[in-house]
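For reference, the structure discussed in these notes is given below.
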Amino acid sequence: MQSFECDIVVVGGGPGGSMAAKYAALGGLDVILIEKRAEIGAPLRCAEGVSKKWLEEIGVEPDPAWISAEMDGAIIVSPSGHTFKLDESHAGNEVGYVLERHLFDKALTEQAGKAGAKIWMRTAATGAIIEDGKLVGVHANRMGEEIEIRAKCVVAADGFESQMARWAGLDTSLELKDLDTCIQYRMANIDVEPNYCEFVIGSAAPGGYVWIFPKGDRKANVGIGIQGTKCKLGADPKVYLDKFIENDPRLKDGTVLEIVGGGVSTCPGMEETTADNLVVVGDAARMIDPITGGGICHACRAGMYAGKVLAECAKSDDFSKDALQPYEEMWRDRMEDKLWRNWMAKEKFATLSDEVLDNLVLAIKDSDIKEVNVYNLLKVIKDKYPEIVDEFESMI
Amino acid sequence: MKVVYEKCLHCGCCVGSCKQNAIYLNDYVLEFNDSCNKCRRCIKICPVGALSLEGE
């Protein structure tokens, strides 16, 4: 069996893995990033909606090549059809772009390669190499050949599947209530608002929501997420989405160009994202926002932090859990409070009836909310329906 | 486990939801290892209903 050695092996070529590889390589480390698929960013597993502000934070210039459409705002639709439309001045930082994820991901991987990381496509991690109780690398299959890649530290960036961390001994498993199962159709020939992301809440999508994210020229990603505990029918996401589309005159005669599935975690993040010689980033570390289901910006940030911390660790050649603590601190300082607050809000919202959700949307509509984000929406709800937020009031 | 590949989207939802880490998505094929305890989580959450227990 062929054996390779490097400083850092990154498992997964999504945004989190590419950012980690980039920043570790910029720090002078010998990095191998492995991606099991034959193409970065494909097949798609994403609704592709992101806000704008964080790109600057991770040092990425917006590029028209991977921006499918720019949003002017968002529309929240209540169960009985009350709408709350947020125009640009009110849309705050929760709306922004709808991406071409397969091109966005490639751009980030390209940057990692430019920084010096080696990118190995069609190379799937198949297990952890553990010797004397220590993680020392990964078993992999590279284009049909069993290999091992020995490294001082492993970055687990393998997305929702999150197997690498588990092979290495960290439990990243989810409770059913803390995962949403999703399906999405890329649709064409539909008459949706071209520059507004639409969110439909309530029993149309138990414990989750329906999204319509426009992709220009009468196209959109139309998808649904349903809370794991609320799945009853077998194929719930498909059943609910088909029903939704059938009942929406704008969509029912549309053309489906692509069907994608996927899982989303809706928990507040893992308790531990580091172990000796192991860092977990992005969806694999369950860093997805439990309300919006958005995970790209969190993965990018965490990947960047991980890469920078790994470069620091290399100076003392110490990749122990203790040495990796700055990574835990950096991502938690930046994101953890919000993840917890939104997780608590999700827990509550998943219990609300359509009637209450209707009233909430009306309350938000009547408010003079200036900038719309989850925080401000919760504040409005707190003023009018304090009982809904009483369990996490202190976080608003 | 039985997989109806005509339905499967290869999305990995079952893999990430498996408490036992018993499922491996090898390209377009799902592999189940011995640690599967037939808890049915993957069956329940599969977005297209592609999974069932053998013999059911």
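All chains are named by letter (A, B, ...) in the order of the sequence lines, taking the proteins before the strands, and each is independently numbered beginning at 1. As a basis for the values below, the full set of heavy atoms in this structure was taken, side chains included, without hydrogen atoms, waters or symmetry mates.
- Side chains of A:Asp180 and A:Tyr209: a donor-acceptor N/O pair is absent below 3.5 angstrom, by distance only.
- Proximity to chain B (any heavy atom under 4.5 Å) is restricted, for A:Arg45, to the side chain, taken from C-beta onward.
- Ion pairing between a basic and an acidic side chain is recognised when a charged N comes within 4.0 Å of a carboxylate O; A:Glu145 and A:Arg122 show no such pairing.
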Show your reasoning for whether side-chain contact (heavy atoms from CB on, under 4.5 Å) applies to A:Glu100 and A:Phe104.
-> CA-CA 6 Å; A:Glu100 283 298 334; A:Phe104 175 76; over 6 Å; no
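- For A:Asn247, the CG atom is densely surrounded, since the number of other residues' heavy atoms within 6.0 Å is greater than 12.
- Salt bridge status for A:Lys232 with A:Asp236: absent, with no side-chain N to carboxylate O gap under 4.0 Å.
- Of the possible polar contacts, none joining the A:Lys215 side chain to the A:Asn221 backbone as a donor-acceptor pair under 3.5 Å is found.
- Considering only heavy-atom pairs separated by less than 4.5 Å from chain B, the leading option among A:Arg37, A:Glu161, A:Lys230 is A:Glu161.
- Inspection of the A:Trp343 and A:Asp178 side chains reveals an N or O donor paired with an N or O acceptor under 3.5 Å.
- Using a 4.5 Å cut-off between heavy atoms, A:Ala165 makes no contact with chain B at all.
- Annotation: side chain to side chain contact (heavy atoms under 4.5 Å, CB included) contacts of A:Ala205 (sequence neighbours excluded): A:Val210, A:Ile224.
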Given side-chain contact (heavy atoms from CB on, under 4.5 Å), test A:Ile183 with A:Val260 step by step and report yes or no.
-> CA-CA 6 Å; A:Ile183 196 167; A:Val260 297; over 6 Å; no
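- Both the backbone and the side chain of A:Ile259 come within contact range of chain B, judged by heavy atoms closer than 4.5 Å.
- Every residue two or more places apart in sequence or in another chain that forms a side chain to side chain contact (heavy atoms under 4.5 Å, CB included) with B:Val3 is listed here: B:Tyr5, B:Cys8, B:Leu30, B:Phe32, B:Leu51.
- Among the residues in residues 261-272 of chain A, those with a non-hydrogen atom closer than 4.5 angstrom to a non-hydrogen atom of chain B are A:Gly261, A:Gly262, A:Gly263.
- With chain B as partner, the option from A:Ala38, A:Gly228, A:Pro43, A:Ser162 having the largest number of non-hydrogen pairs under 4.5 angstrom is A:Gly228.
- A cation-pi contact, defined as under 6.0 Å to the ring centre and within 45° of the axis, is absent between A:Arg186 and A:Phe213.
- Contact count versus chain B (heavy atoms, under 4.5 Å) is highest, among A:Gln163, A:Glu175, A:Lys36, for A:Gln163.
- At least one side-chain heavy atom of A:Val154 sits under 4.5 Å from a side-chain heavy atom of A:Val11.
- Applying a 4.5 Å heavy-atom cutoff, the residues of residues 10-26 of chain B that approach chain A are B:His10, B:Cys11, B:Gly12, B:Cys13, B:Val15, B:Gly16, B:Ser17, B:Cys18, B:Lys19, B:Asn21, B:Ile23, B:Tyr24, B:Leu25.
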